[in-house]
A.B. asks: 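Take this structure, written in structure tokens, and hold onto it; I'll ask about it next.
Here is how names work: the chains are called A, B, and so on, in the same order as the sequence lines, proteins then strands, and each is numbered from 1.
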Amino acid sequence: MQTNSYLDYKEIIAETVGKVLPETGLEKQAIYALLEYPPDEKLGDLALPCFQLSKILKKAPHLIAQELAAKIDPAPYFEAVKATGPYLNFYVAPVPLAREVLAKIMTCGSNYGARAIGGGEKIVIDFSAPNIAKPFHVGHLSSTVIGNALYKIFEFLGYNCVGINHLGDWGTQFGKLITAYKKWGSAEAVERDLIKELQRLYVKFHDEAEQDPALEDEARAWFQKIEDGDDEALSLWRWFKEISLAEFQRVYDLLEIAFDSMAGESFYNDKIDAVVNELKEKQLLVESDGAAIVNLDEYEMPPCLILKKDGSSLYATRDIAAALYRKKTYNFVKALYVTGVAQSLHFKQWFKVVELMGYAWAKDLVHIPFGLVSLEGEKLSTRKGRVVLLEDLLRTAIEKTLAIINEKNPGLARKEEVAQMVGVGAVVFGALSVNRIKDVTFSWEEALSFEGETGPYLQYTHARACSILRKAGFSLEKAVLAPEKLNEPAALRVVKTLYLFPEKVLSAANEYEPSIISRYLIDLAHDFNGFYHECQVLVDDPGLQQARLVLVWAVKTVLATGLGLLGIKAPEQM
RNA sequence: GCGUCUGUAGCUCAGCUGGAUAGAGCAACGGACUUCUAAUCCGUAGGCCGCAGGUUCGAAUCCUGCCAGACGCGCCA
């Protein structure tokens, strides 16, 4: 797999400038870091601003730029190197660029952009983590799709990822649920309405408990019974869990997301005492108001709660136990936790506790926060029934897609299959197209928008490219690379954007930010659609047609790869 | 009260490891389908980059203060 080296113009420039200007004493890396992409095509493809050099050389920046322009031989990678004021602008020679980029994509195929930097090391990714007996709603979308995208991105860079669904399958809410079930529920009703019925019972419990606080005690008692291994309590707990998992699975099937481990909170029950003991041995635990805490004053954080005054554990305890278990089991080089930004402090605290326990790998624990999802400006609330179920959203998106297909392309084969890819793709892309950290207000109109910067736009562009290749009977084996024929500005723009893909993938991984790939794909699709309008591909001149077909194939390949990294399908027709 | 994050065009957002005239999409208006899928493309209009200072040759980008919003701050997760 020749996936570790990509043509790197910055590297070439840094090398050349370093040679021409040895007196600056700058390392190649330092020059590399100064290089930037100019704001306008007319100013070339890469630029070296000379202000910093001016300080070192004690010379006006525009003079340095002029001098460098005179000394540097552009060939073979550049067609010109010009000084424009204080900038040294590099104009990439299109033919070598097109040749290198397209040849690379032809040899690598769907591995273009991949690298082997992970060396097979493990990255554990904790994501999705819905709560049992509660609806799987749009609030869970971000964690699920961001986690899945990071999984695919890191695999693409040579890591071995372990996806863990840390299910919320333990806690007093099960006591509440059993209490409500015993009082107002029935096996028939649960079998019939599944999570909807469980949710009804849960809401009912809270309504009733407002009048009758004794219910809370009853709930606690039932949860205690689960913990003590009481047969009835345990079998109800298992039953609720099965019902929930079956329902969650339908959503994961629609999204085509799978996990390597479904070890939820309950999995760590027998691993918590050891953590508490270890904290005691390491003299990190302090008693405070009857609870056991780790004091973090020194680090300007509130204390981390380890045990309640009744001696039971808290979620930080469970998270620490899980981290220790995962380190031992997987020996990860990084463990990512994809959860809402609201939990930032919690992660900062228990990461610090792990560090204080003496584990150097505490630095490998990374919280990947994302913004809050609200509904028409109001918080989602299971109890108030103010939620949009993810499954409803996905199914509505699929239905809408099917309607559009019936209107625009009624003869399409396997419509339902395509409708699912596109409808789901629209929803997934919507969640991955903006910076993670932004809060979002869910809107049906936006979630079901298929025009402009959307998933369907990317898929449509991909399908268009496929359509051309199909009509031309294109085959990669017989393809002829003819970069000199791709000389229209629109074609060159596409080539230049294709060149950027590997570095975008790398940035997305470094910043844990799938939206970098989303934005890139929008650019690529846009450039391609511009080319599509300006340049007819299926033309009489066989040489020209062949040259353009290779470009179309390359775009199709990169779009499919990029969409794949986001967890989105790329249908060949739609 | 303390802390974290966010504030860019009417709306949703890029750009934020400082650099050349601040970019998209949606909505509005005007154009482009007998030609490779118009879920597309092109054009017009739309901006004291929250406010005020500071650092710098240069600030949407860095620092400080303020304003607005979101979230968090001990026995839920």
A.B. asks: What one-letter contact string describes nucleotides 4-11 of chain B from 5' to 3', where B marks a base within less than 4.0 Å of any protein heavy atom, S marks contact via sugar-phosphate atoms alone, and - marks no contact?
C.D. replies: -SSS----
A.B. asks: Rounded to the nearest angstrom, tell me the gap between atom CZ in A/Phe442 and atom P in B/A70.
C.D. replies: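 About 21 Å, once rounded to whole Å.
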A.B. asks: Whole angstrom is fine here: how far is it from CG in A/Leu296 over to P in B/C73?
C.D. replies: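 Checked: the CG to P distance equals 15 Å.
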A.B. asks: In this structure, how many angstroms lie between the C1' atom of B/U21 and the CD atom of A/Glu41, rounded?
C.D. replies: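 It works out to 15 Å between those atoms.
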A.B. asks: I need the CG-P distance between A/Leu448 and B/U12, as an integer number of Å.
C.D. replies: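 The answer, rounded to whole Å, is 18 Å.
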A.B. asks: Figure out the CG/P separation between A/Asp45 and B/A20, and round it to whole Å.
C.D. replies: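 To the nearest whole Å, that distance equals 17 Å.
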A.B. asks: What pairs of residues pass the salt bridge (Lys or Arg N to Asp or Glu O under 4.0 Å) test when at least one of them lies in residues 518-529 of chain A, not counting sequence neighbours?
C.D. replies: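 Qualifying pairs: A/Glu453-A/Arg519.
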A.B. asks: What's the closest nucleotide to the side chain of A/Glu265 if the choices are B/A20, B/A70, B/A77?
C.D. replies: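 Between B/A20, B/A70, B/A77, the one nearest the side chain of A/Glu265 would be B/A77.
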A.B. asks: If I pick the P atom on B/A38 and the same atom on B/C33, what distance separates them, to the nearest angstrom?
C.D. replies: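 Here B/C33 and B/A38 have their P atoms 12 Å from each other.
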A.B. asks: Return each pair, listed once, that meets side chain to side chain donor-acceptor pair (under 3.5 Å) where at least one residue sits in residues 34-47 of chain A; pairs must be two or more places apart or across chains.
C.D. replies: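 Every pair satisfying side chain to side chain donor-acceptor pair (under 3.5 Å) with a residue in residues 34-47 of chain A: A/Tyr37-A/Glu503, A/Glu41-A/Arg493, A/Asp45-A/Lys496.
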A.B. asks: Considering only the C1' atoms, how many Å lie between B/U61 and B/U8, rounded to the nearest integer?
C.D. replies: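 That atom pair is separated by 11 Å.
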A.B. asks: For atom C1', what is the distance between B/A60 and B/U6, given to the nearest Å?
C.D. replies: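 These two C1' atoms come out 14 Å apart once rounded.
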A.B. asks: Nearest to the side chain of A/Leu314 - B/C57, B/G72, B/C76?
C.D. replies: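 Minimum distance to the A/Leu314 side chain belongs to B/C76.
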A.B. asks: For A/Lys408, enumerate each residue passing the side-chain hydrogen bond (donor to acceptor under 3.5 Å, both in side chains) test, keeping only those at least two apart in sequence or located in another chain.
C.D. replies: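 Applying side-chain hydrogen bond (donor to acceptor under 3.5 Å, both in side chains) to A/Lys408 gives none.
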A.B. asks: Let me know, please, whether A/Pro39 or A/Thr172 comes out on the 5' side of the other along RNA chain B by nearest nucleotide.
C.D. replies: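 Its nearest nucleotide being more 5', the pick is A/Pro39.
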A.B. asks: If a pair satisfies ring-ring contact (aromatic ring centres under 6.0 Å, His included) and one of its residues is in residues 415-435 of chain A, list it, with sequence neighbours excluded.
C.D. replies: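 Residue pairs passing ring-ring contact (aromatic ring centres under 6.0 Å, His included), neighbours aside: none found.
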A.B. asks: Tell me if the side-chain of A/Ser288 makes a donor-acceptor pair with the base of B/G74, cut-off 3.5 Å, by modelled atom types.
C.D. replies: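 Flag set: donor-acceptor pair detected.
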A.B. asks: Show me the pairs that pass side chain to side chain donor-acceptor pair (under 3.5 Å) and involve residues 537-546 of chain A, at least two apart or across chains.
C.D. replies: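 Output for this query is empty, none listed.
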A.B. asks: Would you say A/Asn435 places a side-chain N or O within less than 4.0 Å of OP1 or OP2 belonging to B/G15?
C.D. replies: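 For A/Asn435, the contact criterion (side-chain N or O under 4.0 Å from OP1 or OP2 of B/G15) is met.
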A.B. asks: Using a heavy-atom cut-off of under 4.0 Å over every strand shown, decide if A/Lys400 touches base, sugar-phosphate, or nothing.
C.D. replies: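 Result for A/Lys400 = nothing.
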A.B. asks: Work out how far the C1' atom of B/C67 is from that of B/C75, and round it to whole angstrom.
C.D. replies: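 Comparing C1' positions in B/C67 and B/C75 gives a spacing of 36 Å.
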A.B. asks: Scan nucleotides 34-44 of chain B nucleotide by nucleotide, 5' to 3', and note B when protein non-hydrogen atoms come under 4.0 Å of the base, S if they reach only the sugar-phosphate, - if neither.
C.D. replies: --BBSBBSS--
A.B. asks: Classify A/Pro38 by what it touches in the nucleic acid, base, sugar-phosphate, or nothing, heavy-atom distance under 4.0 Å.
C.D. replies: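 Base contact - A/Pro38 has a heavy atom under 4.0 Å of at least one base atom.
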A.B. asks: Are any side-chain N or O atoms of A/Arg318 and backbone N or O atoms of A/Tyr268, one a donor and one an acceptor, separated by less than 3.5 Å?
C.D. replies: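 A pair under 3.5 Å: no.
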A.B. asks: Given that both pair distances must be under 3.5 Å and the pair must be Watson-Crick or G-U, what runs of three or more consecutive pairs involve RNA chain B?
C.D. replies: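 So far as stems of 3 or more pairs are concerned, RNA chain B shows B:1-7 with B:67-73, B:10-13 with B:23-26, B:28-32 with B:40-44, B:50-54 with B:62-66.
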A.B. asks: For the rings on A/Phe347 and A/Tyr337, is their centre-to-centre separation under 6.0 Å?
C.D. replies: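 So the answer is yes for these two rings.
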A.B. asks: Which salt bridge (Lys or Arg N to Asp or Glu O under 4.0 Å) pairs, counting each pair once, include a residue from residues 289-315 of chain A, with sequence neighbours left out?
C.D. replies: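 Listed once each, the pairs would be none.
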A.B. asks: Restricting to pairs with a member in residues 430-458 of chain A, which pass ring-ring contact (aromatic ring centres under 6.0 Å, His included), not counting sequence neighbours?
C.D. replies: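 Counting only pairs at least two positions apart or across chains, the ring-ring contact (aromatic ring centres under 6.0 Å, His included) contacts touching residues 430-458 of chain A are A/Phe442-A/Trp444.
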A.B. asks: Can you tell me how far C1' in B/C57 sits from the matching atom in B/G15, rounded to whole Å?
C.D. replies: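 Each nucleotide's C1' atom is 23 Å from the other's.
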A.B. asks: Identify which nucleotide among B/A20, B/G72, B/C75 has an atom closest to any side-chain atom of A/Ala291, counting heavy atoms from C-beta outward.
C.D. replies: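 The answer is B/C75.
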A.B. asks: Calculate the interatomic distance between A/Phe347 atom CZ and B/C73 atom P; express it in whole Å.
C.D. replies: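 Whole-Å distance recorded here is 13 Å.
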A.B. asks: Considering residues at least two apart in sequence or located in another chain, which fulfil the ring pair (Phe, Tyr, Trp, His ring centres under 6.0 Å) criterion with A/Tyr202?
C.D. replies: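 With neighbours one apart ignored, the set is A/His206.
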A.B. asks: Would A/Lys271 count as a cation-pi partner of A/Tyr325, with NZ or CZ less than 6.0 Å from the six-membered ring centre and within 45° of the ring normal?
C.D. replies: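 Checked: cation-pi criterion met.
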A.B. asks: Over all strands shown, is A/Gln52 touching base, sugar-phosphate only, or nothing at heavy-atom distances under 4.0 angstrom?
C.D. replies: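 Answer is base: heavy atoms of A/Gln52 come under 4.0 Å of a base.
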A.B. asks: Using 30° and 60° as the class limits, which term best fits the ring planes of A/His140 and A/Phe136: parallel, tilted or perpendicular?
C.D. replies: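 Because their plane-to-plane angle is over 60°, the rings of A/His140 and A/Phe136 count as perpendicular.
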A.B. asks: Remember a base hit wins even if backbone is also touched, and classify A/Asp40 as base, sugar-phosphate or nothing at under 4.0 Å, heavy atoms.
C.D. replies: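 Here A/Asp40 touches the bases of the nucleic acid.
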A.B. asks: Backbone N or O of A/Leu448 within a donor-acceptor pair of the A/Lys400 side chain at under 3.5 Å?
C.D. replies: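 Answer holds: yes.
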A.B. asks: Return the value, rounded to whole Å, for the distance between atom CD1 of A/Ile293 and atom P of B/C75.
C.D. replies: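 Nearest whole value for this atom pair: 12 Å.
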A.B. asks: Determine the interatomic distance between P on B/U4 and the same-named atom on B/C76; round to the nearest Å.
C.D. replies: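 Rounded to whole Å, the distance is 27 Å.
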A.B. asks: Under 4.0 Å, heavy atoms only, any strand: does A/Asn89 hit a base, just the sugar-phosphate, or nothing?
C.D. replies: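 A/Asn89: base contact, heavy atoms under 4.0 Å.
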A.B. asks: Take atom C1' in B/C36 and the same atom in B/G69, then report the distance between them in whole Å.
C.D. replies: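 Nearest-Å result for B/C36 against B/G69 at atom C1': 49 Å.
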A.B. asks: Which residues satisfy the ring pair (Phe, Tyr, Trp, His ring centres under 6.0 Å) test with A/Phe51, sequence neighbours excluded?
C.D. replies: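 Ring pair (Phe, Tyr, Trp, His ring centres under 6.0 Å) list for A/Phe51, sorted by chain: A/Tyr87.
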